[in-house]
Engineer: 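Have a look at this one.
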Number of protein chains: 2
Amino acid sequence: MAIRPAEQLIHKAAWLYYAHGLRQDEVASQLNISRASVAMYLRKARETGIVNISTSTQLFTDDAMARRLEDAFGLDAVWIAPENAYLADPSTDIAVLAASVFLELAKKGDRIGVAWGRTVYTIADIMSFADLQDVTVVQLCGNLGAPYSYRPDQCTMEIARRLNAKGLNFYAPLVLSTEELAKSLRAEPVIRDQLAGIADCDLALYSVGAVDADSHLVKCGALSPAEMEALRSQGAAGVIAGQIIDARGEILDCSYNRRVISAELASLRAIEKRLMVVQEDSKFEPLLAAIAGGLCTHLVVGAHMAERLLQHAGAATKKAS
Amino acid sequence: MAIRPAEQLIHKAAWLYYAHGLRQDEVASQLNISRASVAMYLRKARETGIVNISTSTQLFTDDAMARRLEDAFGLDAVWIAPENAYLADPSTDIAVLAASVFLELAKKGDRIGVAWGRTVYTIADIMSFADLQDVTVVQLCGNLGAPYSYRPDQCTMEIARRLNAKGLNFYAPLVLSTEELAKSLRAEPVIRDQLAGIADCDLALYSVGAVDADSHLVKCGALSPAEMEALRSQGAAGVIAGQIIDARGEILDCSYNRRVISAELASLRAIEKRLMVVQEDSKFEPLLAAIAGGLCTHLVVGAHMAERLLQHAGAATKKAS
DNA sequence: CACGGCTCTCGACAAAAGTCAAATTTGCTT
DNA sequence: AAGCAAATTTGACTTTTGTCGAGAGCCGTG
């Protein structure tokens, strides 16, 4: 596991190369090893977070549209990934941006809450490594079944690994079959402590889910398509950390929610920086709900979604006046 | 001044290359420019701080000796630059390390106090660029005459430039000819405000000067060698931000100090993180004085100095028991 | 409107970095 | 103690990156 012979050497090589600006062959002769080894050590140094290469995300917040969004929705900061040019796959662009923003927001000693989903896992997957000591990554909600690699615990662990941080997993299922069982489980000391610790986080990372048959809740069997549809007609507007919220961003009063083991919305709102990342345009309504509920202070979206949000805000104020 | 045609392009190129991991030729075709231009933009991006490459300084604090120093002197953190191998010039190594540490300690929105001297200027000179928004770099003491490029205002401005921060200079001489004049000048609103603002800093960067004829105070003509010698016999142990301190790290009661326009020691002590960097082994006594006076919470030194400090601490405790 | 002076851009070459399979070392088991 | 597997190192090769001088475009000026 531990890179035994090196670690020290990796550090030295990285130091000479990146801090002092020597060439690889100079480093090699200093350290009495071959250039090839130096190149290999340097790659390891980058992969381990011993050296850190980060790009300023300024460009994406400086945008005029980002400013207007901040004002319109009272958000602390908004980043907009330009959908147009750049790359083939726009959603990758959003994830890359989100990962950079995330690393920029994370500080040493922080406690970071992480939810789950395709978006979160994609971010974890492309996120570069960092050397954040004393960071704890906590899982915001219970687990669900296997089929997906972006299970809650996977997301938490992967991000913890990238940050060289400690991952705190949640050993409980996301959904139980009866309300009673959920209640007793929540009362268990291990679980209770974990849930209580969520409000102490400095930073949260999550996305929001749509209320439709494509939802992971349906795909994982937590809810049937029919149940989902029923919830929708009861006012379900989105999914946050495995829980159903209504259009106001409040928890929906339903049996499902009472059977879930997850962070209370109040705990989430207590977290200073709540970074929400939304990739799909289809998540417009859920996102509005999450914003309305104050579940998001920092937002990363694509240009198209940004436009829709602004349009919506414009229409709302026009109607109001 | 501003790189007009690019700025945006630089950002985009940096983003595609560093965040997305494309090759230069791929970036070039995305942006419809030549590879050569891309290479040039990327250099600019690095030079501007749009991208940031930093190496963890862990290795230098993890050292057992560093731990012992922290304990022995009650410091928050100590970094030791290994004097032995590495590079031809050990003092460069200390400066490079100090610059990395400094950048690691500096946070967005900080107010940073900077003193002057060869050490500080060397650090400024080799420090890489960063994109710290809303940072203010303030000068800790008045200015002195021209001959040196490491004048107080130079140090402040250079560091501000590297950080893309605002530099707040001090338009007053370091030493005046009479105590009265110094007193009136200190009472001037402009000066008073600047002095008062020093205690609000989050981070300070300085070294400590020796009390001898090689001191810059002598070289700049602020004090004659004879005066310096006299001060030494009066108990002068070191120089901090242009002021003379005694072995306890308190301000020395002397005419010179009363004629100086500089940060009060109490203001310096009010700064949370006081980063002191010492390159020369000859500054052993001055450093002890500075530490005794609580003028240093974070310390960067060479291995040799670290050993001497530990030896001293060991002897002191042995004597005490 | 032509003329330097300026910066930006590009193509071609040189230098540096990345990669891979083979060789060597290391650690552990039988 | 020998044998095997995993990890590490290296030399030789390929790809990528950096650099330089020439040329092109863009002003403000005479």
Side-chain angles (χ1 to χ4, degrees), chain A residues 1-56 59 85-88 92 96 125-129 161-162 164, chain B residues 1-56 59 85-88 92 96 126-129 161 164:
Chain A
M1 177 66 241
I3 310 109
R4 222 206 78 284
E7 192 62 17
Q8 190 89 343
L9 264 185
I10 294 182
H11 231 304
K12 285 189 180 178
W15 188 251
L16 290 172
Y17 186 76
Y18 287 107
H20 282 278
L22 302 195
R23 266 177 291 113
Q24 292 193 354
D25 54 341
E26 295 181 295
V27 176
S29 66
Q30 280 277 334
L31 265 46
N32 277 96
I33 50 178
S34 72
R35 278 192 308 288
S37 296
V38 172
M40 188 245 219
Y41 286 153
L42 292 179
R43 181 161 37 73
K44 262 183 189 155
R46 286 186 300 260
E47 283 171 359
T48 324
I50 288 175
V51 320
N52 224 302
I53 303 184
S54 64
T55 319
S56 160
L59 183 65
Y86 283 37
L87 282 176
T92 304
V96 170
D125 198 42
I126 52 107
M127 184 159 60
S128 61
F129 288 74
R161 194 172 72 86
R162 303 266 172 158
N164 276 299
Chain B
M1 178 67 243
I3 311 108
R4 224 205 75 284
E7 191 63 17
Q8 190 88 344
L9 266 184
I10 294 181
H11 230 303
K12 283 189 181 179
W15 188 250
L16 290 173
Y17 186 76
Y18 286 108
H20 281 277
L22 301 195
R23 268 178 288 114
Q24 292 192 355
D25 53 342
E26 295 181 296
V27 176
S29 65
Q30 280 278 334
L31 266 43
N32 277 97
I33 50 177
S34 72
R35 278 191 309 285
S37 296
V38 172
M40 187 247 225
Y41 286 152
L42 292 179
R43 183 162 37 74
K44 262 181 190 156
R46 285 185 301 260
E47 283 170 358
T48 324
I50 288 174
V51 320
N52 225 305
I53 303 184
S54 63
T55 318
S56 162
L59 182 64
Y86 284 36
L87 283 175
T92 303
V96 170
I126 51 108
M127 182 160 62
S128 61
F129 288 74
R161 194 172 72 86
N164 277 298

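Naming: A, B, ... by sequence-line order, numbering from 1 per chain.
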Engineer: Can you tell me if B:Ser37 touches the phosphate of C:dT9, counting only side-chain N or O atoms and a distance under 4.0 Å to OP1 or OP2?
Structural biologist: no
Engineer: Over how many whole Å does the gap from B:Tyr41 atom OH to C:dC8 atom P extend?
Structural biologist: 8 Å
Engineer: Just how far, in rounded Å, is C1' of D:dT9 from CG of A:Leu31?
Structural biologist: 14 Å
Engineer: Would you kindly give the CG-to-C1' distance between B:Leu9 and C:dT7, to the nearest whole Å?
Structural biologist: 15 Å
Engineer: Nearest whole angstrom, please: distance from the C1' of D:dT16 to the CD of B:Glu26.
Structural biologist: 11 Å
Engineer: What's the CE-P distance between A:Met40 and C:dC20, to the nearest Å?
Structural biologist: 13 Å
Engineer: Walk along nucleotides 11-18 of chain C from 5' to 3' and tag each nucleotide B, S or - by protein heavy-atom contact under 4.0 Å, base first, then sugar-phosphate.
Structural biologist: B----SSS
Engineer: The criterion is side-chain contact (heavy atoms from CB on, under 4.5 Å); which residues satisfy it with A:Ser128, sequence neighbours excluded?
Structural biologist: A:Leu103
Engineer: How many whole angstroms separate atom CZ of B:Arg43 from atom P of C:dT9?
Structural biologist: 13 Å
Engineer: Can you name the residues that form a side-chain contact (heavy atoms from CB on, under 4.5 Å) with B:Asn164, not counting sequence neighbours?
Structural biologist: B:Asp131
Engineer: For B:Ser29, enumerate each residue passing the side-chain contact (heavy atoms from CB on, under 4.5 Å) test, keeping only those at least two apart in sequence or located in another chain.
Structural biologist: none
Engineer: Suppose we screen for side chain to side chain donor-acceptor pair (under 3.5 Å). Which residues come up paired with B:Arg43, at least two apart in sequence or across chains?
Structural biologist: none
Engineer: Send over the distance from A:Ile10 CD1 to D:dT9 C1', rounded to a whole Å.
Structural biologist: 14 Å
Engineer: I need the single residue from B:Leu22, B:Val38, B:Leu42, B:Val51 that forms a side-chain contact (heavy atoms from CB on, under 4.5 Å) with B:Tyr17. Which is it?
Structural biologist: B:Leu42
Engineer: Checking A:Arg46 now: which residues fulfil side chain to side chain donor-acceptor pair (under 3.5 Å) with it, not counting sequence neighbours?
Structural biologist: A:Tyr18
